[in-house]
J.: 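Here it is, the structure, as structure tokens.
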Amino acid sequence: MSKWEKLKVFRKNGSSEEMQPILNETSLEVESGSSVSVNISPDSSSKVKKFGSFDDMDKLKYDQQKNRNCFDDGVTKIDFVIVYEEQHKDLLNESDQGKSDEEKANKQKQKNWEYQHQKWRNKFIKNLRREGMLIEIDKNSGEETTVYYFKLSCSWDLLVYYAEHLNLRAPLQLREYKQHVWSSRILKKLKIPNCMDQIVPNPPSLYFTCTFKNSKLQNFLGSSDHETYFSNTERARIAWEILQNTVYGKKKRAELGIERLLSENVFSAAFPLHDGDFKITDPVQDVDPTLLNRRQVLRKYWARWGVWYKYQPLDHIRSYFGEKIGIYFAWLGFYTSWLLPVSILGLIVFIVGAALIETNTPANEVCSSGKKFVMCPRCDGCRMWYLSNTCLMTKLAYLFDNGGTVFFAVVMSFWAVFFLEFWKRKNAQLAHHWEVMDFEAEEERPRPEYNARAPTMALNPVTGVMEPHFPPGQRLRRIFTGFTILIIMLGVVIIFVLSVIVYKAIIGLVMIESKDKLVQGQASNLRTFSGAVINLILIMLMANIYTVVAEILTKWEMHRTQTQYEDSLTFKVFVFQFVNYYSSIFYIAFFKGKFVGYPGHYDTTFGIRNDSCGSGGCLIELAQQLLVIMVGKQAINNIEELVVPWLKKKWQKRKMKRVFLSDGQQNLTKPWEIEYHELVEFQGLFHEYLEMVLQFGFITIFVAAFPIAPLFALLNNWIEIRLDARKMVCETRRPIAERAQDIGVWYEILDALVQIAVVTNAFLIAFTSQFIPRLFYEYRVGNDTLNGFTNFSLSYAPNNTEFKSCRYYAHRTVDGQYTQYYYELLVCKLAFVIVFEHVVFFISRMIDWSVPDIPESLMVKVKRERYLAKQALTDNIDTSMVSSCMHKQFYSEILSYKLLS
């Protein structure tokens, strides 16, 4: 039995007999979704060994992968690659004969820019070498262009200097970490096998750490091994810091940094290399998992459909992509797991509603009424109709309008509050685990666009350095202009909503006048569904247009830092998308059918009679609208995430043909060539967060009308996680590993949505559903029954109208005045809203007050680790004694763990 198989046996039954040999010779490292991760090796300062063994052929493949991202000497690591494409001079110097003056001027301008770019490039590379960066150049020549690859490597002295400058964390001692997964604990107590668990090989080592100090270098674990002390992720982060601070022009003009050079098209791309190919050429069952590179591990255990039900290897994600991306996937996974119980509950509510349809007294009254209730015409020029014609829709409406949906809306209100509170606790645990709990962003440098366009220079009060400056008053005027455009765009959205209403009114008239009885009978449903589809198309169109407009406006506003830029863009886009996606839903929920008037005195807008609810009521129409918009949006987004990267890769390959010979031979073998030509640039997490936050709004704000919304969200998120994972691992260049301690401004937006959801659901239950009217009739009028509720809900048309004997939904007298029951019902509805809001908000505040953001056990652990870190850095401490003591502590803890297992 191999060591890998023995580890699986230990994870399965806790057998100490099989594990003892491994514990004596290696460090036991277990994936973050499992129970324990410790080191009990005799020599903690030595390099951590990997469990598993391999033959000579595997060893050869392993060494080939190891040397993949190196200079030609096979030893010097490549930390970063910057690329530029140069058009051949013979194309630039071709004859100007027969060309217009404008074409000649443009060509001369292009030559001047190319000369300036070449000057900046040369100085930038020269300054990088002066800084101590090792540089090796590779190139590919084609018929039209030559692509130059600058492979950069940081020397040890450079790494040490910038590690202290960036406040990187330095390892002091391997440590234990217990990741508590609530589903795993529940399944373990119920003694049910956990199919979601998996052993992910090569887990990142976990350490007690402190801020890196060059003067304390000898106290840090593994500092004697210069090749492996800094991880590839840390080396890329240091290289990026150097690239951002290197001058390429005049420093007084703030002409520095790779980002501005990229924005000026001086360089085509800058990226760190992936850790090898993600493809596994040999059959999966024949591959020793410990020999997979980190990218292959993520591909096999995370970024494929076969592991959709498995826990995400968050430690591996964070180690490879950085804390910012790791926290996004942790939040997405946490959110998805919390959707599971409410999805099941919502489905149960829906099924129970379907099972009880036949017992619904009001629906049975409608279906058995025959020609008893003659209803007033739905539109001018329409005929009267029988209420019994709406039998099917009335029954279907009960699926979304019953006591269960009200209960579910209350549950979802508390669920949203609990979700945010427990995410804060989970976030604190992750921040501690990933050593970003005390992370504070450094003084941010100005954005490249800001440096390029700022009209003046001014002294930075923090750094004391002259830098580009944009007058605050002028920025405020631009921000005001941007918000004016935002309001105009919101007005366009409202116009589109009104146009859909007009479309539904016109198409409804056409269908009612149709000679086809099927079309005539289903006119209401057809116009509702077609209107929702048209509305979705307009929503997606406006969403894409305004996102582009918002990016242009935010750049024009000249925000100094990237954080300010992102916050401004997030606010603009979210406000617009909120109105864009939810305006039609709010209209159906709270306005449609409320301002209709009554026969003989119908209210109109622009000469058109105000829209009334369909045959099944407004709530079922609201459910239809939610189904089309929410599910349709999710489907379109998923298709985009599949198709757009594929199209980009096709475009990249088409561009690549310029680099090679005319026969189009594609012989890319070097990793920097493959990643530049075949992978696309990482676009950030903004759109990923936006998509999920809008979905969160759908399942909380309008859940009273659509109890199976969490189920659709859950299904989408299972797909979304693997789509995003595949995109990160297989289709995009490796992003810069950024540090972060939380999800940022998105938490505040989620919290605001929760507050809106409480108010919205209260009004939805009170004023849109029939829950309060049914309760009122049952206990105020009907003597504890709902017999006669349909007749109670209908009024007679006034005597002075054309249709004297028809009925319509309202509580009015024959003179058109509101009855006493109307005012009593209104009081009951308002009372329900007030009580519902106050109870939910009060309990929410109690939850917020009683559930600490940071678990008490974690606070104790943080204090203990800080104490140990301080002790380890004390000059007169006996490090060997500390190491021995800590090994004994870890050994006793692992023995205790094994006994408890």
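Computed from heavy atoms alone, side chains included, the values below leave out hydrogens, waters and symmetry copies.
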J.: Between Pro671 and Asn69, is any pair of side-chain heavy atoms under 4.5 Å apart?
T.: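 A side-chain contact exists here, since the closest heavy-atom pair is under 4.5 Å.
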
J.: Has Glu264 got a side-chain atom pairing as donor or acceptor with Leu261's backbone, closer than 3.5 angstrom?
T.: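 Judged by distance alone, no pair lies under 3.5 Å.
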
J.: Please report the interatomic distance CD1(Ile238) to CE(Met133), rounded to the nearest 0.5 Å.
T.: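 CE of Met133 is found 10.0 Å from CD1 of Ile238.
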
J.: Does the distance from a Lys or Arg side-chain N to an Asp or Glu carboxylate O, for Lys119 and Glu114, drop under 4.0 Å?
T.: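 Looking at Lys119 and Glu114, the cut-off is not met.
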
J.: Using a cut-off of 6.0 Å, state whether more than 12 heavy atoms not belonging to Lys324 lie near its atom NZ.
T.: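 Check fails, neighbour count at 12 or below.
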
J.: Does one side chain, of Gln244 or Glu259, offer a donor that lies under 3.5 Å from an acceptor on the other?
T.: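 There is such a pair (donor and acceptor under 3.5 Å, judged by atom type) between the side chains of Gln244 and Glu259.
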
J.: Can you measure from CG (Asn427) to NE2 (His432) and round to the nearest 0.5 angstrom?
T.: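 Between Asn427 CG and His432 NE2, I get 13.5 Å after rounding to 0.5 Å.
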
J.: On a heavy-atom basis, which atom in Gly333 and which in Ile721 lie closest, and how many Å separate them?
T.: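 Closest approach of Gly333 to Ile721, heavy atoms only: CA-CD1, 4.2 Å.
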
J.: Go through the side-chain N and O atoms of Glu241 and Asn245 and say whether any donor and acceptor fall under 3.5 Å apart.
T.: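 Judged by distance alone, the side chains do pair up.
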
J.: Working note: Gln116 + Asn112, criterion side-chain hydrogen bond (donor to acceptor under 3.5 Å, both in side chains); need CA distance, chi angles, decisive distance, verdict.
T.: CA-CA 6 Å; Gln116 183 64 49; Asn112 294 340; over 6 Å; no

J.: List the atom of Leu174, the atom of Ser205, and the distance in Å for their closest heavy-atom pair.
T.: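 Closest heavy-atom pair between Leu174 and Ser205: CD2-CB, 3.8 Å.
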
J.: Pair Tyr84, Phe150 - check side-chain contact (heavy atoms from CB on, under 4.5 Å), show working.
T.: CA-CA 9 Å; Tyr84 85 91; Phe150 293 86; 3.5 Å; yes

J.: For the residue pair Ser153 and Arg235, establish whether any side-chain heavy-atom pair is separated by less than 4.5 Å.
T.: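 Heavy-atom side-chain distance check passes, below 4.5 Å.
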
J.: If I take atom CD1 from residue Ile736 and atom CZ from residue Phe682, how far apart are they, to the nearest 0.5 angstrom?
T.: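 If we round to the nearest 0.5 Å, Ile736:CD1 and Phe682:CZ are 10.5 Å apart.
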
J.: Should Val297 and Trp302 be marked as a side-chain contact (heavy atoms from CB on, under 4.5 Å) after you check the CA-CA gap, both sets of side-chain angles, and the distance that decides it?
T.: CA-CA 8 Å; Val297 168; Trp302 180 51; over 6 Å; no

J.: Tell me, please, which residues at least two apart from Phe267 pass ring pair (Phe, Tyr, Trp, His ring centres under 6.0 Å).
T.: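 Partners of Phe267 by the ring pair (Phe, Tyr, Trp, His ring centres under 6.0 Å) criterion, ordered by chain and then number, come out as Phe124.
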
J.: Starting from the C-alpha separation in whole Å, work towards a yes-or-no answer on salt bridge (Lys or Arg N to Asp or Glu O under 4.0 Å) for Glu557 and Lys572.
T.: CA-CA 12 Å; Glu557 289 169 3; Lys572 285 191 190 71; 2.8 Å; yes

J.: Do Arg722 and Glu641 sit within salt-bridge range, that is, some charged N less than 4.0 Å from a carboxylate O?
T.: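 Salt bridge between Arg722 and Glu641, a charged N being under 4.0 Å from a carboxylate O: no.
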
J.: On a heavy-atom basis, which atom in Cys154 and which in Asp79 lie closest, and how many Å separate them?
T.: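 Cys154 and Asp79 have their closest heavy atoms at N-OD2, 2.7 Å.
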
J.: Would you say the side chain of Glu85 lies within less than 4.5 Å of the side chain of Asn265, judging by non-hydrogen atoms?
T.: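 Of all side-chain heavy-atom pairs linking Glu85 with Asn265, none is under 4.5 Å.
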
J.: Grab the two heavy atoms, one from Glu131 and one from Leu158, that are nearest each other, plus how far apart they are.
T.: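 Closest heavy-atom pair between Glu131 and Leu158: O-CD1, 3.3 Å.
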
J.: Can you tell me if OH on Tyr161 sees more than 12 non-hydrogen neighbours from other groups inside 6.0 Å?
T.: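 Counting neighbours around OH of Tyr161, 12 or fewer heavy atoms of other residues, nucleotides or ligands fall under 6.0 Å, so no.
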
J.: Any side-chain to backbone donor/acceptor pair from Gln741 onto Val436? Under 3.5 Å, distance only.
T.: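 Yes; at least one donor-acceptor contact below 3.5 Å.
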
J.: Walk me through it: do Arg726 and Arg304 pass the test side-chain contact (heavy atoms from CB on, under 4.5 Å)?
T.: CA-CA 7 Å; Arg726 188 178 184 279; Arg304 63 185 183 92; over 6 Å; no

J.: Taking the side chain as every heavy atom from C-beta outward, state whether Tyr229 and Leu221 have any atom pair closer than 4.5 Å.
T.: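 When only atoms from C-beta onward are counted, Leu221 and Tyr229 do not touch, as no gap falls below 4.5 Å.
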
J.: Is the terminal nitrogen or CZ of Arg734 (NZ for Lys, CZ for Arg) located under 6.0 angstrom from the six-membered ring centre of Tyr320 and within 45° of that ring's axis?
T.: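 Yes, a cation-pi geometry.
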
J.: Could you go through the side-chain hydrogen bond (donor to acceptor under 3.5 Å, both in side chains) check for Arg260 and Tyr248 one step at a time?
T.: CA-CA 10 Å; Arg260 187 171 173 186; Tyr248 63 84; 3.2 Å; yes

J.: For the residue pair Asn140 and Tyr148, confirm or rule out a side-chain donor-acceptor distance under 3.5 Å.
T.: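 The answer is no; no qualifying pair exists.
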
J.: Is there a donor-acceptor contact under 3.5 Å linking the side chains of Thr547 and Asn544?
T.: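 Side chains of Thr547 and Asn544: no pair found under 3.5 Å.
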
J.: Mark yes when over 12 heavy atoms from residues, nucleotides or ligands other than Phe571 sit less than 6.0 Å from its CZ; otherwise mark no.
T.: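 It does not: Phe571 CZ has 12 such atoms or fewer within range.
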
J.: Looking at Arg733 and Glu681, is any side-chain nitrogen of the basic one under 4.0 Å from a carboxylate oxygen of the acidic one?
T.: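 Salt bridge between Glu681 and Arg733, a charged N being under 4.0 Å from a carboxylate O: no.
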
J.: Distance check, rounded to the nearest 0.5 Å: Lys151 atom NZ versus Tyr149 atom OH?
T.: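 One finds 11.0 Å between NZ of Lys151 and OH of Tyr149.
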
J.: Nearest 0.5 Å, what's the CZ-CG distance between Arg299 and Leu292?
T.: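 Answer rounded to 0.5 Å: 12.5 Å.
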
J.: Can a donor-acceptor pair be found between the side chains of His316 and Asn202 at a distance below 3.5 Å?
T.: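 Judged by distance alone, the side chains do not pair up.
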
J.: Counting only heavy atoms not in Trp113, do more than 12 fall under 6.0 Å of its CH2?
T.: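 Count not over threshold, so no.
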
J.: Hey, is the main chain of Glu323 close enough, under 3.5 Å, to the side chain of Glu738 for a donor-acceptor pair?
T.: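 A pair under 3.5 Å: no.
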
J.: I want to know whether Phe271 and Phe80 have ring centres closer than 6.0 Å.
T.: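 No - the distance between ring centres of Phe271 and Phe80 does not fall below the 6.0 Å cut-off.
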
J.: Which class fits the ring pair Trp156 and Phe230: parallel under 30°, tilted 30 to 60°, perpendicular over 60°?
T.: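 Tilted: the ring planes of Trp156 and Phe230 meet at 30° to 60°.
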
J.: When you compare the side chain of Thr732 with that of Leu679, does any pair of heavy atoms fall below 4.5 Å?
T.: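 Leu679 does not reach Thr732 side chain to side chain.
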
J.: Could you tell me whether the side chain of Arg475 reaches within less than 4.5 Å of the side chain of Ile479, counting heavy atoms only?
T.: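 Touching, per the 4.5 Å side-chain cut-off.
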
J.: Working note: Phe686 + Trp746, criterion ring pair (Phe, Tyr, Trp, His ring centres under 6.0 Å); need CA distance, chi angles, decisive distance, verdict.
T.: CA-CA 10 Å; Phe686 175 80; Trp746 296 106; 5.8 Å; yes

J.: Does Asp275 come within less than 4.0 Å of Arg294, counting only side-chain N to carboxylate O?
T.: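 Salt bridge flag = yes for Arg294 with Asp275.
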
J.: Check this for me: Lys77, atom NZ, are more than 12 non-hydrogen atoms of other residues, nucleotides or ligands nearer than 6.0 Å?
T.: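 Correct, the count exceeds 12.
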
J.: Kindly give the heavy-atom pair with the smallest separation between Met692 and Leu332, and that separation in Å.
T.: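 What the structure gives for the nearest pair is SD-CD1, 3.4 Å.
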
J.: Looking at Arg318, Arg169, Arg739, which hits salt bridge (Lys or Arg N to Asp or Glu O under 4.0 Å) with Glu435?
T.: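 Only match with Glu435 under salt bridge (Lys or Arg N to Asp or Glu O under 4.0 Å): Arg169.
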
J.: What distance do Asp277 atom CG and Ile674 atom CD1 have between them, rounded to the nearest 0.5 Å?
T.: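 If I round to the nearest 0.5 Å, the distance is 7.0 Å.
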
J.: If you look at every heavy atom in Arg121 and Val266, which pair is closest and at what distance?
T.: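 Distance-wise, the nearest heavy atoms are NH1-O, 2.7 Å.
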
J.: For side-chain contact (heavy atoms from CB on, under 4.5 Å), just list the numbers for Lys300 and Phe278, CA-CA rounded to whole Å, side-chain angles, deciding distance to a tenth of an Å, and then say yes or no.
T.: CA-CA 9 Å; Lys300 181 179 178 182; Phe278 68 86; over 6 Å; no

J.: Just checking, any donor-acceptor pair under 3.5 angstrom between side chains of Asp225 and Thr228?
T.: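 Yes, side-chain donor-acceptor contact under 3.5 Å.
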
J.: Return yes if some donor-acceptor pair links the side-chain N/O of Glu691 with the main-chain N/O of Glu688 below 3.5 Å, else return no.
T.: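 It does not hold such a pair.
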
J.: Can you confirm whether His433 sits close enough to Asp315 that some side-chain heavy atom of one is under 4.5 Å from a side-chain heavy atom of the other?
T.: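 Of all side-chain heavy-atom pairs linking Asp315 with His433, at least one is under 4.5 Å.
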
J.: How far apart are the C-alpha atoms of Thr76 and Asp73, what are their side-chain angles, what is the distance that settles it, and do they pass the side-chain hydrogen bond (donor to acceptor under 3.5 Å, both in side chains) test?
T.: CA-CA 7 Å; Thr76 306; Asp73 59 11; 2.8 Å; yes

J.: Taking side chain as C-beta onward, heavy atoms only, is Glu566 less than 4.5 Å from Thr554?
T.: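 No, too far: nothing below the 4.5 Å cut-off.
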
